[in-house]
Trainee: 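Okay, handing you the structure first.
In what follows, every heavy atom counts, from backbone to side chain, and hydrogens, waters and symmetry copies are set aside. Computed from a predicted structure; not experimentally measured. As the structure lists them, so they are numbered: ligands from 1, and atoms in each ligand from 1.
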Amino acid sequence: MIEDTIAAISTPLGEGGIGIVRISGKNAADIAGKIFRPGSKINFINENRRLIYGHIVDENELEIDEVLLCYMKGPQTYTREDIVEIHCHGGIVPLRKVLEQVLARGARLAQPGEFTKRAFLNGRLDLAQAESIIDIIRSKTDRGLSLAVSQLKGNLSKRITEIQNRILGLLARVEANIDFPEEDLEETAGEAIIQEGEEILKELAEMISSADKGRVYREGISTIIIGNTNVGKSSLLNALLRENRAIVTDIPGTTRDLIEEIINIQGIPLRIIDTAGLRETTDFVEKIGVERTRETIDKADLVLVVLDAIRGLNSEDRAILELIKDKKALILINKIDVAEEKIRIKESDVWKLVEKPVLWISALKGIGIDRLEKEIFEMVTGGQVTGSDAVLVANIRHKEVLERSARHLQEAINGARQALPVDIVAIDLREAWEALGEITGSTATEDLLDRIFEDFCIGK
Ligand SMILES: Nc1nc2c(ncn2[C@@H]2O[C@H](COP(=O)(O)OP(=O)(O)OP(=O)(O)O)[C@@H](O)[C@H]2O)c(=O)[nH]1
Ligand SMILES: [Mg+2]
């Protein structure tokens, strides 16, 4: 049983219609009772899950704000504890003052994610489900959201638990032999580990390989648009956004700083960065800018290189193509809306320099943009669209756990193949089982929990 009562502002800080102060813990109702004055003769304690009209007052009975208060009796609540939510007017000052009162009457300020951590510690959610809540809040596309909701429903956890149980079954067979440690592994138990173990490994491998795709839906793809000055980079950003976000002029060097936007390509969030044009320069300040673009290229998942069809390839374009040789990249020849005789680039010129897909576009007229989106989607997903019911691993942490579990399982299988002593094989099986428990949280350490919940926002 957790002793203290926590409180926080659970809505974003800023101006809004309402803002909510949330209190959770065994003294929640007691604390609320000290500062809440209902509008009629109602005791909110008798009004579970109903909104009650009234005022919050300070220690001198001065009214701070007009509010609606909702008392929710545990354990049917988010944290499984008693919860009180105070719906104030959504401004920074009323919310801070109400929170101050709540803290003055005995609540402690909640740490980031602490409400959700309590939901986990009190058994309402497992760890993967708790993590999905932050994914829901941060989701950038419908598809990202539906993946996170599926994880909240427990689909990932269910699959993990099934695998854990199969490993446990193997472990039981091995441990039946453990009373005779000097013996080698009994033949049929060894057989079972090899056969069943290989099947489980296959399943783990499948989940691991889904992780890259899952991550894409969850975090998006960081994409950078690069090219010489005036080739149409900002025009391309605008064409993809279908609005005029970046300033476009015929003056070289229009874009001075990095501009980042998110676009949705069939459910995949593309975080797209427009850059200052790259050109050879002796100017010190500009050199720093170019250096920064280089660093951004290194970090990007995908590079879109824009070339100017009218101007033709110059030495700077060549240098840029050299720069992205080892990156996932698409080469876009822009400005193809002009008369054919004005076009001075051939695809073969590009291919002599890099082997990357080449697309012809006009950022100004929107020609080839649909095709470009399709190409990006296929590049990122390998062309396969996954059904919405598929369990995708979307979290890097989960992927690492699955890989660790698979390694131990592989060791166990190797051990069984070599007829190693029973207890050695048992250790590997146990570690494979334990690793998986870090996904659902059944074997997670305090440290791991802290690290995960630290990442949450305050008030969640
Ligand atoms: N004809 C034609 N002109 C284009 C096209 N795309 C861009 N332009 C023109 O090219 C010029 C430069 O466009 P920007 O989008 O500002 O180019 P940029 O690469 O962002 O330039 P900097 O930020 O200065 O490096 C503008 O005059 C655009 O109207 C296109 O598809 N066709
Ligand atoms: Mg620009």
Trainee: Which atoms of ligand 1 have any heavy atom of I251 under 4.0 Å away?
Mentor: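 So the atoms of ligand 1 that pass are 24 (O).
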Trainee: Under 4.0 Å from any heavy atom of D337, which atoms of ligand 1 are there?
Mentor: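 Reading through ligand 1 atom by atom, the close ones are 1 (N), 2 (C), 30 (C), 31 (O), 32 (N).
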Trainee: Short N/O distance, under 3.5 Å, between P252 and ligand 1?
Mentor: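 No - when backbone and side-chain N and O of P252 are compared with those of ligand 1, no distance drops under 3.5 Å.
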Trainee: Of all the non-hydrogen atoms in the protein, which one sits nearest to atom 26 (C) of ligand 1, and at what distance?
Mentor: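 Here the closest protein heavy atom is T249 O, 3.3 Å.
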Trainee: Checking the N or O distance criterion of under 3.5 Å, is ligand 1 in contact with S235?
Mentor: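 In this structure, S235 places an N or O atom under 3.5 Å from an N or O of ligand 1.
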Trainee: What do you reckon, is CD of E243 surrounded by more than 12 foreign heavy atoms closer than 6.0 Å?
Mentor: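 Check passes, neighbour count above 12.
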Trainee: For T254 and ligand 1, does the shortest N/O to N/O distance drop below 3.5 Å?
Mentor: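 N/O-N/O distance below 3.5 Å exists for this pair.
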Trainee: Report yes if some N/O of I336 lies less than 3.5 Å from some N/O of ligand 1; otherwise report no.
Mentor: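 No, since none of the N or O atoms of I336 sits under 3.5 Å from an N or O of ligand 1.
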Trainee: Using a 4.0 Å cutoff against the non-hydrogen atoms of S234, which atoms of ligand 1 qualify?
Mentor: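 Checking each atom against S234, I get 15 (O), 18 (P), 20 (O).
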Trainee: Among the heavy atoms of G227, does any lie under 4.0 Å from an atom of ligand 1?
Mentor: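 Heavy atoms of G227 never come under 4.0 Å of ligand 1.
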Trainee: Can you find an N or O of I310 that's nearer than 3.5 Å to an N or O of ligand 1?
Mentor: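 So ligand 1 has no N or O lying under 3.5 Å from an N or O of I310.
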Trainee: Hey, does I247 come in under 3.5 Å of ligand 1, counting only N/O atoms on both sides?
Mentor: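 I247 vs ligand 1: no N/O contact under 3.5 Å.
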Trainee: Identify, by atom number and element, the atoms of ligand 1 in contact range of K233, meaning under 4.0 Å from any of its heavy atoms.
Mentor: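 The list of qualifying atoms is 15 (O), 17 (O), 18 (P), 19 (O), 20 (O), 21 (O), 22 (P), 25 (O).
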Trainee: Just to check, does N238 reach to within less than 4.0 Å of ligand 1 when the distance is taken from its heavy atoms?
Mentor: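 Distance cut 4.0 Å: N238 fails for ligand 1.
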Trainee: Flag the pair D370 and R242 as a salt bridge only when some basic side-chain nitrogen lies within less than 4.0 angstrom of an acidic carboxylate oxygen.
Mentor: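 Yes, this pair counts.
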Trainee: Could you check atom 10 (O) of ligand 1 against the protein and tell me its nearest heavy-atom contact, residue, atom and distance included?
Mentor: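 Looking at atom 10 (O) of ligand 1, the protein heavy atom closest to it is K335 NZ, 3.1 Å.
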Trainee: One thing to verify: whether R371 and E375 come together as a salt bridge, which I'm taking to mean a side-chain N less than 4.0 angstrom from a carboxylate O.
Mentor: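 Looking at E375 and R371, the cut-off is met.
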Trainee: Using distance alone, decide if ligand 1 has a nitrogen or oxygen within less than 3.5 Å of any nitrogen or oxygen in K365.
Mentor: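 Between K365 and ligand 1 (N or O atoms, distance only) the closest approach is not under 3.5 Å.
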Trainee: Would you say T229 and ligand 1 have an N/O pair spaced under 3.5 Å apart?
Mentor: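 No, since none of the N or O atoms of T229 sits under 3.5 Å from an N or O of ligand 1.
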Trainee: With atoms numbered from 1 as shown, which atoms in ligand 1 lie under 4.0 angstrom from a non-hydrogen atom of D250?
Mentor: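 The atoms of ligand 1 under 4.0 Å from a heavy atom of D250 are 27 (O).
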Trainee: Listing residue and atom name, which protein N/O/S atoms are closer to the Mg ion (ligand 2) than 2.8 Å?
Mentor: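 Near the Mg ion (ligand 2), below 2.8 Å, one finds S234 OG, T255 OG1.
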